[in-house]
Each structure stands twice: as structure tokens, then as C-alpha cells.
Amino acid sequence: MVRFGSGKALPRMYTRWFGRNGDAAPRLAAHALDSYLEWDRAIEDWQMPILSSSLLPNFYKSLLFNELYFITDGGTLWTDSTAGRANPLQANPGDIGEGGGER
């Protein structure tokens with residue numbers, strides 16, 4: 001849960017697939033260990049056209065990929081909510097952990 005200064009609390013997005021009981025870390029870590037090779041290939045496929053382009057200056061390439069951490073570490077977060085209210089805990093067919101985790 002993300003708790004805001006106003007007192008409102010909203011669930012983080014990953015809880016949609018890994019549960020909201022506060023015990024999701026083992027399932028989330030297992031999913032990451034099972035998926036990291038696929039993610040690594042996807043990242044490489046995403047970055048390579050830009051990194052190999054001679055039309056883009058090196059400083060731009062560096063800034064584009066090396067500064068992305070600021071999006072997540074700089075105060076951005078992804079909640080499973082709509083209009084300030086937690087969404088019902090249910091996953092879409094084909095989502096991670098089919099069935100939406102624990103309710």
C-alpha cells in the first residue's frame with residue numbers, strides 16, 4: 001500500500017497479480033527470476049535501434065536510457081486505482097498469476 005499525507009492508502013499495481021496481504025515478495029521474486037532472461041532480451045530489442053543509430057548523438061543516447069531511473073525513483077508510482085479509489089482485486093485473462101492473487 002502507498003500511504004499519502006492525506007491519510008489515503010492505495011494498493012500498488014503489482015498487488016493486482018501478487019496479492020494485497022503484504023506477503024507478495026516471494027511470489028514477485030520468483031516471477032522475476034523466472035522472467036529475467038525474457039525481460040533482458042526485450043530491453044535489448046527496445047534499446048538497440050537507438051543505441052546503434054549514427055543519427056543520434058551519444059549524449060542523447062546516454063541520457064535517454066541512463067536517466068529513466070528518475071521516472072521511478074523520482075517520485076512516480078503506479079497504483080491499482082481509479083479516481084482515487086482502489087480497483088477490485090482481479091486480473092485479466094492471461095495476466096501474471098492468472099486469478100489475481102489472494103483476495
Seminar exercise, completed: Closest non-hydrogen atoms of Leu56 and Lys61, given as atom of the first, atom of the second and distance, are O-CE, 3.2 Å
Seminar exercise, completed: Closest non-hydrogen contact found for Ala24 with Gly19 is CB-O, 4.2 Å
For this session: Spell out, as yes or no, whether a donor-acceptor pair under 3.5 Å connects the side chain of Ser35 to the backbone of Ala32.
Result: no
Problem set entry | Atom pair CD (Gln47) and CD1 (Ile50), whose distance is rounded to the nearest 0.5 Å | 8.0 Å
Exercise. In Å and rounded to the nearest 0.5 Å, what is the NE2 to CH2 distance from His31 to Trp39?
Worked result: 4.5 Å
For this session: Report the distance from atom CD1 of Ile43 to atom CZ of Phe65, rounding to the nearest 0.5 Å.
Result: 10.0 Å
Exercise. Applying the 4.5 Å side-chain criterion to the ILVMFWY set and letting contacts propagate, would Trp78 and Leu28 be lumped into a single cluster?
Worked result: yes
Exercise. What closest approach, in Å, do Arg12 and Met1 show between heavy atoms, and which atom pair accounts for it?
Worked result: NE-O, 4.5 Å
For this session: Please report the closest heavy-atom contact between Ser81 and Thr79, naming both atoms and the distance.
Result: OG-OG1, 2.6 Å
Exercise. Do Asn87 and Thr82 have side-chain N/O donor and acceptor atoms under 3.5 Å apart?
Worked result: yes
Exercise. Of all heavy-atom pairs between Asp80 and Arg20, which one has the smallest distance, and what is that distance?
Worked result: OD2-NH2, 2.7 Å
Seminar exercise, completed: CH2 (Trp17) and CZ (Arg27) are apart, to the nearest 0.5 Å, by 14.0 Å
Exercise. Ser52 side chain to Met48 main-chain N or O, any donor-acceptor pair under 3.5 Å?
Worked result: yes
Exercise. How close do Arg3 and Ala9 get, heavy atom to heavy atom, and via which atoms?
Worked result: NH1-CB, 3.1 Å
For this session: With side chain to side chain contact (heavy atoms under 4.5 Å, CB included) as the test, would you mind laying out the steps for Leu10 and Phe4 before giving the verdict?
Result: CA-CA 8 Å; Leu10 295 173; Phe4 297 91; 3.9 Å; yes
